[in-house]
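Within every chain, numbering begins at 1; the chains are lettered A, B, ... in the order of the sequence lines, protein sequences first and strands thereafter. Worth knowing before you read on, the calculation uses all heavy atoms, side chains too, and leaves out hydrogens, waters and symmetry mates.
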There are 2 protein chains.
Amino acid sequence: MTVTINDVAQAAGVSKGAVSYALNGQPGVSDDTRERILRVARELGWKPNLRAKSLSSAKAFAVGLVVARDPRLLGTDPFFPAFIAGIETTLVEHEYALVLTVAASADAEELAYRKLAADSRVDGVILTDMRVDDSRIALLQSLKIPAVTLNRPETTSPFPAVCMDDTEGIAAAVEHLVSLGHTRIGHVGGPQSYIHGRSRRLAWQNAMSKAGLEAGSFIEADFTAAGGLAATAELLRSAQRPTAIIYANDLMATAGQSYAQSLGLTVPDDLSITGYDDTELATYLNPPLTTVPADPLLWGRVAAQQLLSLLGGAPAEDIYLPSPKLVVRASTGPAPSMPKN
Amino acid sequence: MTVTINDVAQAAGVSKGAVSYALNGQPGVSDDTRERILRVARELGWKPNLRAKSLSSAKAFAVGLVVARDPRLLGTDPFFPAFIAGIETTLVEHEYALVLTVAASADAEELAYRKLAADSRVDGVILTDMRVDDSRIALLQSLKIPAVTLNRPETTSPFPAVCMDDTEGIAAAVEHLVSLGHTRIGHVGGPQSYIHGRSRRLAWQNAMSKAGLEAGSFIEADFTAAGGLAATAELLRSAQRPTAIIYANDLMATAGQSYAQSLGLTVPDDLSITGYDDTELATYLNPPLTTVPADPLLWGRVAAQQLLSLLGGAPAEDIYLPSPKLVVRASTGPAPSMPKN
DNA sequence: TATGTCTACTGAACCGGTTCAGGGAGCGCT
DNA sequence: AGCGCTCCCTGAACCGGTTCAGTAGACATA
């Protein structure tokens with residue numbers, strides 16, 4: 001039925017071992033023999049059997065991604081699909097596959113990594129949504145699974161990181177708003193247990209103080225539309241109501257914008273709004289959203305490259321991707337001279 | 001290092017074969033011996049080696065999903081992440097893994113299936129986004145990969161389908177609008193090469209004629225925000241401008257709604273709008289979107305169950321999931337007595 | 001007691017590769 | 001001629017399971 005290395009060996013009149021050497025480009029066969037073996041293999045239509053290769057070489061030829069997210073909320077995050085697509089563009093060139101796991105809880109997440117390790121399903125993993133004091137670093141070390149992290153965690157990590165600075169974009173948003181005359185700029189952030197939730201808040205804080213402004217109100221939300229709405233409602237209720245709000249992602253910004261409009265406020269005349277991610281929808285909102293592109297496609301591609309070269313024995317060095325630049329659209333405008341109340 | 005079946009055999013004082021029989025619950029060992037072997041295996045902490053199992057049993061213990069979508073647009077579709085999460089909830093209970101592939105073009109898609117087959121990466125696949133006259137049916141048959149399809153394709157297919165009727169929801173949207181006095185109801189659909197693009201258009205058409213109305217304008221768009229906007233612009237430019245538009249997904253509906261608002265139209269006073277999917281954001285738009293839930297989580301879970309039972313040798317029978325019901329929110333309202341122009 | 005049947009188990013082949021020890025041939029050097 | 005070295009290749013072990021043919025022993029049957 002299927003052609004094995006044995007068939008090739010027989011047809012070429014050599015031993016199994018010689019065929020293996022020839023096919024893998026290893027020394028141990030003369031150029032003549034090698035060429036003959038390769039020709040015979042081609043003629044017979046030989047294809048390597050991945051399972052056999054896996055068993056004897058103790059490799060999976062696959063990398064893993066564990067997405068820890070409430071399944072019901074997973075669909076709302078535009079990051080992952082594009083990120084996965086980026087990973088794939090790299091993997092497909094290297095005959096690697098992607099094994100994807102979705103974990104609903106922290107326990108399920110740990111279990112997922114343990115399963116991947118126990119079954120040797122993957123040769124390495126990519127860690128996203130890095131958390132402050134992330135327990136996965138130690139877990140993966142103990143499981144002896146190589147990894148690549150998105151951005152460098154604050155705790156010591158032996159794994160290379162692929163970094164994309166998000167503080168610059170947030171700082172640019174603050175500066176942009178300040179230049180428009182805003183002084184009360186609030187921030188609706190993501191969970192502060194995530195390093196990207198935290199770094200965006202700090203970026204906002206620093207940019208505010210750099211501009212000589214008080215840091216204004218901060219609300220910790222959860223990257224969901226519902227959370228964005230609730231946070232917006234709270235900010236707009238406050239006595240010193242902000243004239244501009246910087247959101248940590250587009251989804252919250254969109255919900256916030258819709259909510260403000262439903263109160264009769266005009267964006268950007270009464271309230272300026274910025275997001276983060278630059279989702280496709282951002283351009284098509286009314287008004288279109290000022291935001292910062294996240295480029296998950298690039299991030300995924302580079303992270304996979306980094307992981308593969310790590311698996312190939314390359315030293316673990318961090319890679320820095322260019323910082324995304326603020327995209328100004330119509331959701332930001334001059335600060336109102338007399339804010340509505 | 002790791003405990004193998006050999007170690008267990010030696011420790012239990014039996015042969016390798018006996019251990020295999022005992023661990024797999026097969027006949028050929030006495031109850032006493034079986035129990036002893038199981039105890040020893042437990043004591044030694046034996047874990048089956050998936051790679052060895054794969055090689056000798058010629059199974060991959062994994063299922064595949066090939067997503068054919070432009071990577072840049074993948075992030076905009078809320079269906080996939082939730083669908084994948086649904087698949088996972090089933091797989092995780094059966095020690096199966098999910099191998100995910102993203103293909104940008106039709107060629108890449110076919111290649112992806114061929115790769116999965118050549119490498120025997122998966123034991124079966126799930127087909128989404130079924131197309132009219134879908135070439136994948138024949139391809140998978142020739143590759144001898146079992147499959148499950150989402151909805152039954154029109155061409156003869158030997159694979160079981162997991163069906164969720166989307167016509168009922170669209171019909172309900174039409175009836176809802178008709179009851180509000182609308183007579184000019186347009187439809188912005190997905191590509192008609194997809195069966196769900198087609199079935200939604202036909203559902204709209206049928207419901208219109210059932211209500212005694214002319215089928216109004218239809219625009220074939222592409223499920224993207226940009227496409228939704230362009231289609232909306234075209235509809236609103238037309239002489240017999242619709243007072244309501246039924247979109248084939250939320251993303252296009254959202255873009256359409258924003259566009260209409262940017263023209264100075266009020267939703268729903270001047271234009272009623274319905275979507276499809278019931279994404280998280282739909283609730284938080286201004287106004288909140290009347291739409292039809294798609295329940296990708298359930299769909300994924302059931303599709304995976306169906307595939308696993310097919311792999312287990314069960315007969316290929318279609319499964320019908322309950323039809324989702326229209327969710328009425330504020331983007332639909334009474335038809336304007338004197339439509340704005 | 002001889003024969004047949006069944007159960008419980010063993011030993012080895014097998015899945016399809018990788019890898020390693022070892023051996024024969026050819027060559028250069030003394 | 002004898003020695004050592006390198007090159008090329010073979011045969012077998014190995015990865016860790018599954019599976020099958022064969023066999024020893026217990027037991028029933030004639």
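Taking five base pairs at each end of the helix from C/dT1-D/dA30 to C/dT30-D/dA1 and finding the rotation axis that steps the C1' atoms of four pairs onto the next four gives two axes whose angle is 60°, to the nearest 10°.
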Between B/D119 and A/K47, does a side chain to side chain contact (heavy atoms under 4.5 Å, CB included) hold up when you go through it step by step?
CA-CA 9 Å; B/D119 293 349; A/K47 291 267 159 26; over 6 Å; no
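At least one donor-acceptor pair closer than 3.5 Å links the side chain of B/D123 to the backbone N or O of B/A60. Without hydrogens or angle criteria, A/W46 side chain to A/V40 main chain gives no donor-acceptor distance under 3.5 Å. No side-chain donor-acceptor contact under 3.5 Å links B/R136 to the backbone of B/E110. In this structure, B/N151 contributes its side chain and B/A161 its backbone to no donor-acceptor pair below 3.5 Å.
The separation between B/R51 atom CZ and C/dG16 atom P is 18 Å, rounded to whole Å. One interatomic measurement links the two molecules: CG of A/L50 to C1' of C/dG17, which rounds to 11 Å at whole-angstrom precision. Rounded to a whole Å, the CG atom of B/N6 is 9 Å from the C1' atom of D/dG17. Here C/dT18 presents its C1' atom at 11 Å from CZ of A/F61, a figure rounded to the nearest Å. Look at CG on B/D119: it is 12 Å from P on C/dG17, rounded to the nearest Å.
In this model, the phosphate group of D/dG17 is approached by a side-chain N or O of B/W46 to a distance below 4.0 Å at OP1 or OP2. Contact check, A/Q26 against C/dT19: a side-chain N or O comes under 4.0 Å of OP1 or OP2.
Comment: B/R39 does not engage B/E35 in a salt bridge, judged by the lack of any side-chain N to carboxylate O separation of less than 4.0 angstrom. A salt bridge links A/E109 with A/R131: at least one charged nitrogen is closer than 4.0 Å to a carboxylate oxygen.
Residue-level contact check: A/N24 touches the backbone only, with heavy atoms under 4.0 Å from sugar-phosphate atoms and none from bases. Within the 4.0 angstrom heavy-atom criterion, no nucleotide atom of any strand lies near B/K59.
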Quick one: what's the B/S/- string for nucleotides 7-15 of chain C, heavy-atom cutoff under 4.0 Å, read 5' to 3'?
-SBB----B
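The aromatic rings of B/F83 and B/F79 lie parallel to each other, their planes meeting at an angle below 30°, with 60° marking the opposite boundary. In this structure, B/F61 and B/Y96 have perpendicular ring planes: the angle between them is above 60°, well past the 30° mark.
The side-chain heavy atoms of B/E154 and B/V132, taken from C-beta on, include a pair separated by under 4.5 Å.
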Between N or O atoms, less than 3.5 Å apart, protein on one side and nucleotides 24-26 of chain C on the other: list the pairs.
none

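Taking CG of B/L307 as the start and CD1 of B/I126 as the end, the distance is 5.5 Å to the nearest 0.5 Å.
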